[in-house]
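Ligands are counted one by one from 1 in listed order, and the atoms in each one are counted from 1 as well. Computed from heavy atoms alone, side chains included, the values below leave out hydrogens, waters and symmetry copies.
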Amino acid sequence: MTRPVLKLKRVQDTNIEKGSTVLVRVDYNVPLKDGKVSDDTRIRETEKTIKYLIDKKARIVLIAHLGRPKGKVDPKYSLEPLRSYVENIMGAKTYFCSDCVGDVAREAKSRLGDGEILLCENLRFHPEEEKNDESFAKQLADGCNYFVQDAFGAIHRAHSSTSAITKYLPSSIGFLLQKELEYLDKIVTSPQRPFVAIIGGAKVSDKIDVLLSLLDSVDVLIIGGAMAYTFLKAQDVNTGKSLVEDDKVEEAKKIILKAFKNNVELLLPADHIVVKEIKEDAKTETTQSMAVPDDYIGVDIGERSIAIFGEKILMAKTIFWNGPMGIFEMPPFSNGTFSIAKKVAEATKNGAISVIGGGDTINALKKSGVKPEEISHCSTGGGASLEFVEGKLLPGLEALSKSN
Ligand code: AMP
């Protein structure tokens with residue numbers, strides 16, 4: 001597959017003068033509960049870019065979205081509780097502005113001092129944002145001299161703050177986006193072999209395209225999670241009451257055929273943890289084969305699968321993982337996913353390059369006790385990393401490239 005050549009300018013290649021105002025698109029779509037951020041990883045990930053701009057004595061205006069307020073003001077999705085986190089992490093005076101455009105934003109931007117930060121209210125309180133509206137982008141750019149894109153998690157969307165904005169300001173990419181692209185590009189264009197991809201999660205339908213494109217580059221494709229049952233059904237293996245997407249069985253057959261033609265080793269679970277009912281205190285049993293007996297639901301991979309998958313993972317020089325191996329949110333069904341997380345960390349320690357994407361997978365990794373530092377790169381964008389690996393031209397990157 002030929003990939004588009006992108007012309008992207010890095011923030012460090014832009015001559016940002018002292019006192020200039022820099023608009024930075026960040027991905028602060030963090031979990032919030034009772035005004036508290038339960039996981040501030042996404043804020044910390046932007047530290048390098050923001051501290052770089054603070055060092056340059058720039059005035060920093062942060063724009064971001066939170067949740068899905070659907071173009072209406074909804075206090076539940078306000079970014080205001082994040083202000084103190086940004087201030088603590090960046091170690092710079094941080095103000096909050098109750099709107100990202102209009103008089104109030106213009107006024108707040110003009111009052112900013114050198115090295116100070118202004119965090120603006122949720123972009124998605126305005127319906128124009130998701131419509132990639134040009135006049136909204138122009139308003140965002142108002143009073144700013146430069147635009148820095150650092151929101152990898154939003155780059156696969158053509159929104160005003162990811163696409164149209166690049167028409168109104170000299171635009172570059174921040175350090176987080178650079179790191180994301182560096183690792184994903186390595187995976188896609190020059191993976192060291194053996195290259196092992198592990199794909200799991202609930203739905204085959206979400207991941208058909210990525211599976212098809214991975215088959216052009218991987219040596220081993222491991223499929224786990226609920227997705228595996230659609231593939232087992234495609235081979236006439238009994239799946240009991242497990243989650244199967246009947247309308248995707250034909251697609252699964254095509255993927256199996258492509259793996260065969262491309263000489264890719266396709267691995268499905270050799271055994272399963274099964275229950276009669278999905279509940280925390282359900283009595284679990286392990287199957288003796290790939291088949292799930294009638295009346296049972298597959299909820300995790302079994303020990304034999306862990307051993308087979310683990311052996312391949314430990315031999316890998318490149319690993320891409322997206323999607324859990326079972327319903328890891330429930331402790332009795334988490335062993336498969338947690339064991340795979342540990343194997344990926346071990347392979348990384350032995351020299352493999354590992355890239356993990358998807359909110360659920362990173363969540364599972366943390367719960368397994370593996371630290372993000374034990375993985376080469378934990379992508380902040382689940383959807384964006386999948387689309388990048390699929391070979392799609394991400395709208396935010398296309399816009400940045402065109403603007404240069
Ligand atoms: P995805 O968003 O497609 O990566 O799917 C993640 C979800 O898949 C998680 O919430 C898991 O609980 C779920 N999942 C993984 N394995 C199974 C399974 N065997 N049955 C039902 N759900 C599963």
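A donor-acceptor pair under 3.5 Å is formed between the side chain of Asn322 and the backbone N or O of Gly357. At distances below 3.5 Å, not a single donor-acceptor pair connects side-chain atoms of His377 with backbone N or O atoms of Ile356.
Residue-environment remark: NZ (Lys57) stays at or below the threshold of 12 foreign heavy atoms within 6.0 Å.
Checked for salt-bridge contact, Glu87 and Arg83 meet the test: a charged N lies under 4.0 Å from a carboxylate O. Between Lys253 and Glu250, at least one side-chain N (NZ, or NE/NH1/NH2) sits under 4.0 Å from a carboxylate O, which counts as a salt bridge.
Atoms of ligand 1 lying under 4.0 Å from at least one heavy atom of Tyr229, given by number and element, are 19 (N). Those atoms of ligand 1 that come under 4.0 Å of a heavy atom in Gly201, given as number and element, are 1 (P), 3 (O), 4 (O), 5 (O), 6 (C), 8 (O).
No donor-acceptor contact under 3.5 angstrom links the side chains of Ser376 and Thr348, judged on distance only.
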| What's the verdict on side chain to side chain contact (heavy atoms under 4.5 Å, CB included) for Ser172 and Gln149, showing C-alpha distance, side-chain angles and the deciding distance? | CA-CA 6 Å; Ser172 61; Gln149 177 57 273; over 6 Å; no
| task | Let me see the working for Ser78 and Glu121 under side chain to side chain donor-acceptor pair (under 3.5 Å), right down to the final yes or no. | result | CA-CA 6 Å; Ser78 173; Glu121 185 55 287; 2.8 Å; yes
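Contacts with ligand 1 closer than 4.0 Å are made by backbone heavy atoms (N, CA, C, O) of Val299 only, the side chain lying farther away.
Under a 4.0 angstrom heavy-atom cut-off, Gly298 registers as being in contact with ligand 1. Residue contacts with ligand 1: Phe333 is excluded, as none of its non-hydrogen atoms falls under 4.0 Å.
Of the listed options Met227, Lys207, Met325, Lys203, Lys207 places a heavy atom closest to atom 4 (O) of ligand 1. When the options Asp360, Asp300, Leu243 are ranked by their closest heavy atom to atom 2 (O) of ligand 1, first place goes to Asp360.
Shortest contact from atom 17 (C) of ligand 1 to any protein heavy atom: Ala226 N, 3.4 Å. Ranking the protein heavy atoms by distance from atom 10 (O) of ligand 1 puts Glu329 OE2, 2.5 Å first. Closest to atom 23 (C) of ligand 1 among all protein heavy atoms lies Ile327 CG1, 3.5 Å. At the shortest separation from atom 8 (O) of ligand 1 among protein heavy atoms lies Ala202 N, 3.2 Å. From the protein, the heavy atom lying nearest to atom 15 (C) of ligand 1 is Gly326 O, 3.2 Å.
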